[in-house]
Amino acid sequence: MDMLIGGKHISSEDLEEVINPYNGEVIDTIPIAHRQIADMAIEAANDAKSALTEMSAFKISNKLFNVVDKLREKRQEFAELLTLEVGKPINESLVEVDRSIETLKLAAEEAKRIYGESVPLDAGLNGKGFFAFTQRMPLGVVVAIAPFNYPLNLTIHKIAPAIACKNTVIVKPPSEAPLTVMKFCELLNEEFPDGVVNVVTGYGSEVGDYLVNSADVDKVSFTGSVPTGLMISQKAGMKKVTLELGGNDPMIVLKDADIDKAIKGVINGAFLNAGQVCMGVKRIIIDESIADEFVQKLVVATEKLVMGNPQDSKTTLGTLISKKAAIQVEQAVNDAVEKGAKILTGGNREDAFYEATVIDNVSPDMDLVQNETFGPIAPIIRVKNLDEAIEIANDTEYGLQAGVFTNDYYAAMRCANEIEAGTVFVNKQSTFRTDNMPFGGFKNSGIGKEGVKYAFDEMTKTKLIGLNLR
Ligand code: NAP
């Protein structure tokens, strides 16, 4: 598939293969862009700015709704392509496409609600006699970079609010799973003037880095790992940056919890998308008095998952993004076992598949739970009481989301107040998001919020206009 720059399809002499992680077959190739091509995209996006700013919010909203209809018509096609390139079960891909439609719809609605406010300058010294108001202005050119695990919806969380706020965009899709994003940008390009949406493929470390550095880009909206996010924050200079980074989300299960509900939370939270979810349940911190019963039931539920061809609707556990990624998970689990952890079920790898794994006797200082392990792992950490649970939950550089299972409102409120995370759910696992909620972590999990309406704040700048009427 070709890149899209200024409305034209552009290729390159260097191509990269996109591999289906399920069978190792080549799905397609994408161009490897170098700096000159990135410069072409920057120029095209800057040239298209006036075409977009001259459009009314009414027209932009309608055009985004047209794209909603087009994506809805191609729901199945997009989901199958997503499964081909990511390896996630088809039912999960359908959910991602449905959420993408929802995200786009929210942006189309919100495009009509970009308000300023009147500001009483006469409340300040010497401000008498002014009439002043603010306007929210587009930033200019937004670079959007998303990871492989939810490439479509996470990219739409950036580019739909960006365009709704009258910014032009340059998308750098993830190299391992670029195709659904590229196909979606074609739909946008059918509706908007040439250059409003541009796609540049290639290595993040080269072309992504170049785009982030460019003085002719006004904003970087990035979702990905902490190391890449830190690099971007250092290189972006004075431009606005949103960083949605990794997570190491805790799930606290207290002694009065509804165990069956909590088990469901682990199955949906630790094994979704083969555990490759930023807000996945990555540490299960459980009161020792109920831990034996909990792990027994968890093993039974885990063994019901069906690992297999992700295009088969009965499959509930697909592959990881690559064999390399599965080997990394295998190494992290083996390291924990060498240090005293015990596998209760799972623990085996075959090519890019890694079994859903429940691992007990995990201590909070093991690398498996200190780092973000991106695989289908449910590590059990047993604790004596609520104080210890909260202390361990916070013992991480991350702070994306958290879940606590309890019916004790005092304990629930202590967790809500004391856990350092962007979201704390009670009686729900961290692996839950609606596309209109403010989403974004504390600590090294990022800067800024997404969630359409909240992304609008990040995609605009405020100008004050003051009329001296005296
Ligand atoms: P990654 O290695 O950081 O890559 C993410 C994206 O950044 C890719 O498109 C990559 O391009 C690009 N990139 C790499 N180096 C770059 C550079 N120097 N400058 C600019 N762009 C660069 O992350 P990943 O392994 O794909 O994704 C998994 C991570 O994303 C996990 O940590 C996960 O928790 C996090 N994540 C966070 C959220 C959230 O909303 N908080 C959501 C999903 C995932 P290439 O593919 O070409 O290298």
Side-chain angles (χ1 to χ4, degrees), residues 16 18-19 30-33 38 85-86 88 96 99 103 143-158 170-179 181-182 199-214 217 220-236 239 241-249 272-282 320-322 324-325 328-329 371-375 396-401 421-423 430-433 435 437-451 454-455:
E16 193 181 7
V18 182
I19 306 289
I30 52 166
I32 301 173
E85 59 180 349
V86 180
K88 68 172 73 173
E96 181 171 349
R99 283 189 52 199
T103 306
V143 164
I145 304 175
F148 69 84
N149 59 343
Y150 288 87
L152 184 64
N153 194 35
L154 293 177
T155 302
I156 293 178
H157 263 290
K158 302 175 182 312
I170 303 171
V171 180
K172 208 310 274 170
S175 296
E176 287 166 306
L179 301 174
V181 171
M182 295 170 82
V199 180
V200 177
T201 51
Y203 302 126
S205 52
E206 189 189 339
V207 80
D209 184 80
Y210 185 72
L211 290 166
V212 166
N213 264 295
S214 169
V217 162
V220 178
S221 179
F222 173 78
T223 300
S225 64
V226 171
T228 312
L230 280 172
M231 216 149 48
I232 288 175
S233 72
Q234 285 156 9
K235 292 196 172 176
K239 42 180 96 63
V241 176
T242 303
L243 300 173
E244 300 287 349
L245 308 180
N248 190 10
D249 292 357
L272 185 78
N273 197 16
Q276 302 164 110
V277 186
C278 56
M279 56 184 177
V281 169
K282 307 224 174 78
L320 277 83
I321 187 64
S322 63
K324 188 174 155 213
Q328 279 171 0
V329 173
N371 302 324
E372 182 189 33
T373 303
F374 228 43
T396 170
E397 65 171 308
Y398 300 92
L400 191 52
Q401 302 212 107
T423 305
S430 58
T431 323
F432 178 75
R433 176 181 184 183
D435 292 291
M437 73 182 217
F439 182 80
F442 294 173
K443 304 201 280 188
N444 276 356
S445 286
I447 303 170
K449 296 281 181 198
E450 291 192 336
Y454 304 91

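Numbering starts at 1 and runs along the sequence shown. In each ligand, atom 1 is the first atom listed, and ligand 1 is the first ligand listed.
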Using a cut-off of under 3.5 Å, which N/O atoms of ligand 1 pair up with protein N/O atoms, and what distance separates each pair?
{"unit_1": "ligand 1", "atom_1": "3 (O)", "unit_2": "S225", "atom_2": "N", "d": "2.9"}
{"unit_1": "ligand 1", "atom_1": "3 (O)", "unit_2": "S225", "atom_2": "OG", "d": "2.7"}
{"unit_1": "ligand 1", "atom_1": "3 (O)", "unit_2": "T228", "atom_2": "OG1", "d": "2.8"}
{"unit_1": "ligand 1", "atom_1": "9 (O)", "unit_2": "A146", "atom_2": "O", "d": "2.9"}
{"unit_1": "ligand 1", "atom_1": "11 (O)", "unit_2": "K172", "atom_2": "NZ", "d": "3.1"}
{"unit_1": "ligand 1", "atom_1": "19 (N)", "unit_2": "G204", "atom_2": "O", "d": "3.4"}
{"unit_1": "ligand 1", "atom_1": "19 (N)", "unit_2": "D209", "atom_2": "N", "d": "3.4"}
{"unit_1": "ligand 1", "atom_1": "23 (O)", "unit_2": "S225", "atom_2": "N", "d": "3.4"}
{"unit_1": "ligand 1", "atom_1": "30 (O)", "unit_2": "G224", "atom_2": "O", "d": "3.3"}
{"unit_1": "ligand 1", "atom_1": "32 (O)", "unit_2": "E372", "atom_2": "OE1", "d": "2.6"}
{"unit_1": "ligand 1", "atom_1": "34 (O)", "unit_2": "E372", "atom_2": "OE2", "d": "2.5"}
{"unit_1": "ligand 1", "atom_1": "41 (N)", "unit_2": "L245", "atom_2": "N", "d": "3.4"}
{"unit_1": "ligand 1", "atom_1": "41 (N)", "unit_2": "L245", "atom_2": "O", "d": "2.7"}
{"unit_1": "ligand 1", "atom_1": "46 (O)", "unit_2": "S175", "atom_2": "N", "d": "2.9"}
{"unit_1": "ligand 1", "atom_1": "47 (O)", "unit_2": "K172", "atom_2": "NZ", "d": "2.8"}
{"unit_1": "ligand 1", "atom_1": "47 (O)", "unit_2": "S175", "atom_2": "OG", "d": "2.5"}
{"unit_1": "ligand 1", "atom_1": "47 (O)", "unit_2": "G202", "atom_2": "O", "d": "3.3"}
{"unit_1": "ligand 1", "atom_1": "47 (O)", "unit_2": "G204", "atom_2": "N", "d": "2.9"}

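When the side-chain contact (heavy atoms from CB on, under 4.5 Å) test is applied to K239, the partners found at least two apart in sequence or on another chain are V217, V220, A236. The side-chain contact (heavy atoms from CB on, under 4.5 Å) search around K282 returns N248, E372, F374, not counting sequence neighbours. With sequence neighbours left out, Y454 forms a side-chain contact (heavy atoms from CB on, under 4.5 Å) with P438, K449.
Counting heavy atoms from C-beta outward, E96 and P151 have side chains that approach closer than 4.5 Å.
Between the side chains of Q401 and T423, at least one donor-acceptor pair of N or O atoms lies under 3.5 Å.
Between G202 and S175, the closest heavy-atom pair is O-OG, 3.0 Å.
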